[in-house]
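Structure first, commentary second.
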Amino acid sequence: MYVYDTLSRTEKNLDLNHDQVVRVFVCGPTVQDSFHIGHARTYTFFDAVVKYLRRKGYSVFYLQNITDIDDKIINRANEENVPYDVISRRYTEEFFDIMETLRINSVNFYAMATQHIHEIIRQIQVLVKKGYAYETTDGVYFSVTKFPDYGQLSGQDLESLRTGARVESSEEKRDPRDFVIWKKMKPGEPFWNSPWGNGRPGWHIEDTAITEKYFGPTYDIHGAGMDLIFPHHEAEVALERSISGEPYLSRYWIHSAMVNVNQEKMSKSLKNYVTIRKVLEDYLPEELRYALLNVQFRSNVNFTPDLLNEAKANVGAINTLYRKLKLKQPSHENSDENPEIRRLSEHVERNFDFRLVFRDLLELVGKWNVNLESLTPMEIATAIETIDWVDSFTCIIPRKKEDSTSDELISLLLRIRRSMREKKDFTGADEIRKSLRDMGITIEDRGEETIWWKS
RNA sequence: GGAUAGGUGGCAGAGCGGUUAUGCGUGGGACUGCAGAUCCCAUCUAUUAGGGUUCGAAUCCCUACCUAUCCUCCA
């Protein structure tokens, strides 16, 4: 398997160990506001990656943090005049709710920042003791120049960072490029006790404290959106490696690209974002997943109606065929190997190109549709197995609606409809068809017989 | 200005030196009582620009131009 690794800037052989747990960490959100398609993209992508790895037999521990204390949360709380945790809880709940709806369920553990204050303080203590961090009147800072590899991950050199300094420089910072790891509280702000007085953690150290607790000083895969490469991940590397002395933090760095609107990054500040909830008013979660996975992960996507409509059309086509196949009699013999799956898996294993998987699956769907009536039981089994396999990590086959209609009743209705049609009572026949559709049952007249399925 | 990706038909996107992929859209047709689903045909005959290498380039090299992300909080 190959993945593009940000640090080495090359496609690297993804060399994971089947005998050990594969440790994957992906940066979670700051729970300060509603979530948009940008979030959906990142988390859907890594969900599919982890599901694929598991499918392949790896035992993956997928860890994600949740930033539940942060300036933005405090600001929001002040605007609404409520305690900060009213905000963080509200959006944490919304986040979990959306994750569930989008079928993003591969994360083993969500680590909340505020539940790891101890670990954070311990890391800061080590950094201060080793001389990597220093205290000022408003906080504790990490001294960037003490870490020679700073800038390596993002391809920045320290000098150009200095000249580009849009960094707001606090007077007491020894270097404008230094970053906070502990913020001392201002009146009215939430706080935790620490050796440096009351305050709260900086963002970067939150993640290293969490990953160190669950994974130790190094782990296998670190993922997130590309916008976090600098300074966030750069800072994580500096912090953890300064503490551990190890030559690396994560063996692989996988960064997914942005979602754009009118060629611009979807973001809060530009007010050009579309919330996930909004999209789910008109599209199925599976259609959104398809749309987002139908793009190479390192390419930006422009978010347009076309993108979703194409996904809708394709998900519909795959699903319809899938339901029809399910009505047939597949062979139950064990086939040695499914050649289609082998071919499709090559796409996944070359840079997780789910898009190519979809493309080839669609071609197969066309082929199966043409021969639908003449497929052998073996071919039916292969087709179903192939779609199931793709669905096992992409989750694009819409779930059936909960239903209570019995098969016998449906058959009865269809018999009645048949006799109506024979008597040319098409109005009545169409009414039955429409009612069944409303109940999530699709029917299809095929000459003498009528087939149906629940979708 | 620096770092990193890119620039292919109406849109999305393959191709990695030698068949105008493919999907969506659009038009037409088959099937159907009508739908739906599916299929067939067509449409679009595209590769940012200019040089170069080559028998031959979307594909390699150079130059220019353009776009996105990051260099500040951000998935």
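Note that the structure is a prediction, hence the values are computed from the model and not measured. The chains referred to below are lettered A, B, ... by the order of the sequence lines, with proteins before strands, and numbering in each begins at 1.
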- Any donor-acceptor pair under 3.5 Å between the side chain of A:D425 and the base of B:G33? no
- Task: Please state whether the rings of A:H39 and A:Y43 are parallel, tilted or perpendicular, taking 30° and 60° as the class boundaries.
- Result: parallel
- Query: When you measure from the centre of the six-membered ring of A:Y4, is the NZ or CZ of A:R298 under 6.0 Å away and within 45° of the axis?
  - Reply: yes
- First encountered from the 5' end of RNA chain B, between A:H232 and A:K424: A:K424
- For A:D430, all residues meeting salt bridge (Lys or Arg N to Asp or Glu O under 4.0 Å), sequence neighbours excluded: A:R433
- Message: Considering every strand and a 4.0 Å limit on heavy-atom distances, what is the contact class for A:K324: base, sugar-phosphate, or nothing?
- Response: sugar-phosphate
What pairs of donor and acceptor atoms, side-chain ones from residues 280-287 of chain A against any protein atom, are under 3.5 angstrom apart with sequence neighbours left out?
unit_1	atom_1	unit_2	atom_2	d
A:E281	OE1	A:K278	NZ	3.4
A:Y283	OH	A:N309	OD1	2.6
A:E286	OE2	A:R103	NH1	2.7
A:E287	OE1	A:L284	N	2.8

For nucleotides 22-27 of chain B, tabulate all protein N/O to nucleotide N/O atom pairs closer than 3.5 Å, reporting atom names and distance.
unit_1	atom_1	unit_2	atom_2	d
B:G23	O2'	A:E310	OE2	3.3
B:G23	O2'	A:N314	OD1	3.0
B:G23	N2	A:E310	OE1	3.3

- Message: Could you check whether A:S435 and A:D438, counting side-chain N and O atoms only, form a donor-acceptor pair closer than 3.5 Å?
- Response: no
- Message: Using a 4.0 Å cut-off on heavy atoms, which residues in residues 104-114 of chain A reach RNA chain B? List them by number, or say none.
- Response: none
- Task: Determine: side-chain N/O of A:Y4 to OP1/OP2 of B:A5, distance under 4.0 Å, yes or no.
- Result: yes
- Message: So A:R418, base contact, sugar-phosphate only, or nothing? Heavy-atom distance under 4.0 Å.
- Response: nothing
- On a whole-Å scale, what distance lies between the C1' atoms belonging to B:A21 and B:A58? 13 Å
- Using a 4.0 Å heavy-atom cut-off across all strands, classify A:A317 as base, sugar-phosphate, or nothing. sugar-phosphate
- Atom OH of A:Y150 and atom P of B:C71: how far apart are they, to the nearest Å? 11 Å
- Query: With sequence neighbours left out, what residues match A:W182 under side-chain hydrogen bond (donor to acceptor under 3.5 Å, both in side chains)?
  - Reply: A:S194
- Message: Within the 4.0 Å heavy-atom criterion, would you say A:H255 contacts the bases, only the backbone, or no part of the nucleic acid?
- Response: nothing
Contact list (N/O, under 3.5 angstrom) for nucleotides 30-32 of chain B vs protein:
none

- Go through the side-chain N and O atoms of A:E11 and A:N351 and say whether any donor and acceptor fall under 3.5 Å apart. yes
Dump every N/O contact between nucleotides 65-70 of chain B and the protein below 3.5 Å, one line per pair.
unit_1	atom_1	unit_2	atom_2	d
B:A68	O2'	A:N260	OD1	3.4
B:A68	O2'	A:N300	ND2	2.2
B:U69	OP1	A:K265	N	2.7
B:C70	OP1	A:K265	NZ	2.5

- Message: Looking at A:Y134, I'd like to know if the NZ or CZ of A:R174 sits under 6.0 Å from its six-membered ring centre while staying within 45 degrees of the ring's axis.
- Response: yes
- Message: Quick check on contacts: within residues 380-391 of chain A, what sits under 4.0 Å from RNA chain B by heavy-atom distance?
- Response: none
- Query: With sugar-phosphate meaning primed atoms plus P, OP1 and OP2, does A:G316 contact a base, only sugar-phosphate, or nothing at under 4.0 Å between heavy atoms?
  - Reply: nothing
Just list the side-chain donor-acceptor pairs under 3.5 Å for residues 224-234 of chain A, sequence neighbours left out, or say none.
unit_1	atom_1	unit_2	atom_2	d
A:D227	OD2	A:K265	NZ	3.2
A:H232	ND1	A:H204	ND1	2.9
A:H232	NE2	A:D207	OD2	2.8
A:H232	NE2	A:E236	OE2	3.0
A:H233	ND1	A:H255	NE2	2.8
A:H233	NE2	A:H222	NE2	3.2
A:E234	OE1	A:L153	N	3.4
A:E234	OE1	A:S154	N	2.8
A:E234	OE1	A:S154	OG	2.5
A:E234	OE2	A:G151	N	2.9
A:E234	OE2	A:Q152	N	3.4
A:E234	OE2	A:L153	N	3.4

- Interatomic distance at C1', B:U22 relative to B:U8, whole Å: 14 Å
- Message: Under 4.0 Å, counting only non-hydrogen atoms across every strand here, what does A:V301 touch: a base, just sugar-phosphate, or nothing?
- Response: nothing
- Query: Expressed as a whole number of Å, how far does the P atom of B:C71 sit from that of B:A75?
  - Reply: 13 Å
- Send over the distance from A:D207 CG to B:A75 C1', rounded to a whole Å. 12 Å
- Query: Of the candidate nucleotides B:G13, B:A75, B:U4, which contains the atom at the shortest distance from the side chain of A:C27?
  - Reply: B:A75
- Task: Using the P atom as the reference point in each nucleotide, state the distance between B:G6 and B:C60 in Å, no decimals.
- Result: 11 Å
- Message: Evaluate A:E373 against A:R446 for salt bridge (Lys or Arg N to Asp or Glu O under 4.0 Å), listing each step before the verdict.
- Response: CA-CA 11 Å; A:E373 295 316 313; A:R446 307 175 68 97; 2.7 Å; yes
- What integer distance in Å separates A:I432:CD1 from B:A35:C1'? 15 Å
- Message: Can you confirm if the NZ or CZ of A:K12 lies within 45° of the ring axis of A:Y252 and under 6.0 Å from the centre of its six-membered ring?
- Response: yes
- Message: For A:L239 and A:F147: C-alpha separation, side-chain torsions, deciding distance, then whether side chain to side chain contact (heavy atoms under 4.5 Å, CB included) applies.
- Response: CA-CA 9 Å; A:L239 291 169; A:F147 183 73; over 6 Å; no
- Message: Within the 4.5 Å heavy-atom criterion, are A:T145 and A:Y150 side-chain neighbours or not?
- Response: no
- Rounded to the nearest 0.5 Å, the CZ atom of A:F352 sits from the CZ atom of A:F45 at a distance of 6.5 Å
- Task: Classify the nucleic acid contact of A:D70 as base, sugar-phosphate or nothing, counting any heavy atom under 4.0 Å across all strands shown.
- Result: nothing
- Reckon A:R417 touches a base, only the sugar-phosphate, or nothing at all at heavy-atom distances under 4.0 Å? base
- Task: Mind checking A:R446 for me? I need base, sugar-phosphate or nothing, with any heavy atom below 4.0 Å counting as a touch.
- Result: nothing
- By side chain to side chain contact (heavy atoms under 4.5 Å, CB included) - contacts of A:Y214 (at least two apart): A:F61, A:L63, A:F109, A:A111, A:H116, A:I210
- Message: Give me the distance, rounded to whole Å, that separates B:C16 from B:U59 when you measure between the P atoms they each carry.
- Response: 12 Å
- Parallel, tilted or perpendicular: rings of A:F142 and A:F179 (30°, 60°): parallel
- Task: Please work out if A:Y43 contacts a base, only the sugar-phosphate, or nothing of the nucleic acid, heavy-atom cut-off 4.0 Å.
- Result: sugar-phosphate
- In whole Å, what separates the C1' atom of B:C11 from that of B:A46? 13 Å
- Message: Say we look at B:G13 and B:G17: how far apart would their P atoms be, to the nearest angstrom?
- Response: 23 Å
- With sequence neighbours excluded, residues passing side-chain hydrogen bond (donor to acceptor under 3.5 Å, both in side chains) with A:Y52: A:E349
- The correct list of stems in which RNA chain B takes part (3 or more consecutive Watson-Crick or G-U pairs, distances under 3.5 Å) is B:1-7 with B:65-71, B:10-12 with B:22-24, B:25-30 with B:38-43, B:48-52 with B:60-64
- B:C40 versus B:C31 - spacing of their P atoms, nearest Å: 16 Å
